[in-house]
Amino acid sequence: MKRFLLVFLISLLLCGCHAPAEPAQIAATTLPVYEFTSRLCEGTPLTVTRLVTEEVSCLHDYSLNVRQVKAAEAAQTIVISGAGLEEFMEDLLLGRDTVDASEGIRLITPEEHHHHQEEAEDSHQGHHHETDSHIWLSPANASCMAANICRGLISRYPEHRPVFEKNLVVLQQELENLSHYGAEQLQDLSCRDLITFHDGFAYFAESFDLHILRAVEEESGSEASAKELIQLIEEVESHQLPAVFTEKSGSVSAAGIISRETGCGSFPLDMAMAGDSYFDAMYHNIDTIKEALG
């Protein structure tokens, strides 16, 4: 009986001891490149992990925690969105095998944004880059990103090329469907002008023939000044805007004031950088614009 109990206890101990999980072979920085990479790797033994999992609207002042650094260092390959988005981890990327999903994509420069916002920028310097790095908010750009990732995966894991290419066809078809849906839903809006409280929606606007009158980079602790609020209220009234748009993880302070003063609506858009699904975020944005400006 004693021998039986001893064997039983040893069995329980052995069952409770699991070998540590193997680190993922591929690390991807944000939701879009993680989702595209994971979709491309379906049907292969390759594993993919996502580094940035928090609800964030920008990565300007972001820093990786210990878990994220270890995951990146353990990965064979790191997939980045590119176009300057990952400046916060450039030291970690030095010497690493990296796939840049932004290759060949035309980047929007500040000069291409509509600038009714010179005064706003004087009082609201915030974070500005030479080019706009939020490329994934265009379905066409997202399709190019997926193709770039696919080429990178094929060069590193050529034995899985047929699977990668098959998955790319399916993924790009879904992105094309997204683009068609947006074009159809937003073709007959009563207003095509936007004021956004994040400066990252230029590619989205360009994709669906929308016009950003002003993009205010408002962060906690650096909300819009009284002078800027007056300018924004005047702009909403002069253009008879039915709504202004916040970013779901960002500040809503100024938008709330403008909404109360003018009677316009305030609606949240999603940067599709975090959360659970790039496609859900993009469909949400299209449906939100339709509801607000339809």
Side-chain angles (χ1 to χ4, degrees), residues 24 26-42 47-65 67-68 71-72 78-86 88-89 101-102 127 132-146 149 167 170-172 174-175 177-179 181-182 185-186 194 196-205 207-208 210 215 217-220 244-252 255 266-292:
I26 303 167
T29 52
T30 57
L31 173 65
V33 288
Y34 167 76
E35 190 165 344
F36 301 159
T37 304
S38 297
R39 291 284 302 273
L40 291 167
C41 289
E42 286 179 359
T47 53
V48 185
T49 191
R50 176 171 145 203
L51 298 181
V52 179
T53 57
E54 301 94 329
E55 287 287 343
V56 294
S57 60
C58 70
L59 297 176
H60 301 307
D61 298 316
Y62 192 83
S63 58
L64 297 173
N65 61 35
R67 177 199 68 79
Q68 294 165 323
I78 300 177
V79 180
I80 66 172
S81 184
L85 184 74
E86 287 88 357
F88 70 95
M89 58 183 293
S102 70
H127 303 278
D132 188 338
S133 59
H134 305 87
I135 55 176
W136 60 89
L137 289 172
S138 156
N141 284 348
S143 185
C144 291
M145 293 172 74
I149 297 169
N167 289 340
V170 176
L171 179 55
Q172 287 186 318
E174 291 185 27
L175 289 165
N177 293 344
L178 171 65
S179 182
Y181 178 82
Q185 291 298 307
L186 305 181
L194 311 180
T196 64
F197 287 87
H198 194 289
D199 64 356
F201 291 103
Y203 292 101
F204 181 87
S207 294
F208 300 113
L210 302 170
E217 188 71 0
E218 185 178 53
E219 299 176 4
S220 178
V244 294
F245 299 91
T246 60
E247 200 285 321
K248 75 168 191 174
S249 299
S251 174
V252 298
S266 176
F267 293 81
L269 297 177
D270 193 328
M271 287 301 300
M273 186 185 295
D276 297 323
S277 168
Y278 165 82
F279 285 94
D280 285 352
M282 289 294 288
Y283 279 107
H284 161 81
N285 289 341
I286 293 167
D287 292 341
T288 298
I289 295 289
K290 173 71 172 179
E291 178 185 357

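- Taking V56 as the reference, V52, E54, L59, Y62, M273 meet the side-chain contact (heavy atoms from CB on, under 4.5 Å) condition, with sequence neighbours excluded.
- Judged by distance alone, with hydrogens and angles left aside, the side-chain atoms of N141 form a donor-acceptor pair with the main-chain N or O of I135 at under 3.5 Å.
- Partners of F36 according to the ring pair (Phe, Tyr, Trp, His ring centres under 6.0 Å) rule, which considers only residues two or more places apart in sequence or in another chain, are Y278.
- M282 places a side-chain heavy atom less than 4.5 Å from the side chain of L137.
- With sequence neighbours left out, T47 forms a side-chain hydrogen bond (donor to acceptor under 3.5 Å, both in side chains) with Q25.
- S133 and A83 make their closest contact through CB-O, 3.2 Å (heavy atoms, listed as atom of the first residue, atom of the second, distance).
- Atoms CG and CH2, from L175 and W136 in turn, are 14.5 Å apart once rounded to the nearest 0.5 Å.
- Going from atom CD of Q172 over to atom CG of L178 covers 13.0 Å, rounded to the nearest 0.5 Å.
- At least one side-chain heavy atom of L269 sits under 4.5 Å from a side-chain heavy atom of I289.
- For S138, the side-chain hydrogen bond (donor to acceptor under 3.5 Å, both in side chains) partners at least two apart in sequence or on another chain are S207.
- Partners of E174 according to the salt bridge (charged side-chain N to carboxylate O under 4.0 Å, His left out) rule, which considers only residues two or more places apart in sequence or in another chain, are R39.
- Nearest heavy-atom pair across S81 and E86 is N-OE2, 2.7 Å.
- Taking the side-chain contact (heavy atoms from CB on, under 4.5 Å) definition, one finds that C144 meets it with I105, sequence neighbours left out.
- The two residues A272 and A281 make their nearest non-hydrogen contact at CB-CB, 3.6 Å.
- The CD1 atom of I26 sits 16.0 Å away from atom CZ of R50, with the distance rounded to the nearest 0.5 Å.
- Listed by chain and number, the residues in a side-chain contact (heavy atoms from CB on, under 4.5 Å) with A255 are F197, V244, T246, S266 (sequence neighbours excluded).
- Taking both residues in full, the closest heavy atoms of G182 and I286 are given as CA-CD1, 3.6 Å, listed atom of the first, atom of the second, then distance.
- Smallest separation of non-hydrogen atoms from L186 and K290: CD2-N, 3.8 Å.
- The distance from atom CZ of F88 to atom CG of D61, rounded to the nearest 0.5 Å, is 11.5 Å.
- In this structure, E247 has no side-chain hydrogen bond (donor to acceptor under 3.5 Å, both in side chains) partners at least two apart in sequence or on a different chain.
- Residue L171 comes nearest to A146 through the heavy atom pair CD2-CB, 3.7 Å, listed as atom of the first residue, atom of the second, then distance.
- The list of salt bridge (charged side-chain N to carboxylate O under 4.0 Å, His left out) pairs with a residue in residues 269-284, not counting sequence neighbours, reads K248-D270.
- Here CG of D132 is found 4.5 Å from OH of Y203. Values are rounded to the nearest 0.5 Å.
- In summary, of the residues considered (L85, L51, T53), a side-chain contact (heavy atoms from CB on, under 4.5 Å) with T30 occurs for L85 alone.
- Looking at H198 and C58, their side chains come closer than 4.5 Å, going by heavy atoms from C-beta outward.
- Partners of F204 according to the ring pair (Phe, Tyr, Trp, His ring centres under 6.0 Å) rule, which considers only residues two or more places apart in sequence or in another chain, are F208.
- Listed by chain and residue number, D100 satisfy the side-chain hydrogen bond (donor to acceptor under 3.5 Å, both in side chains) test with S102 (two or more places apart in sequence, or in another chain).
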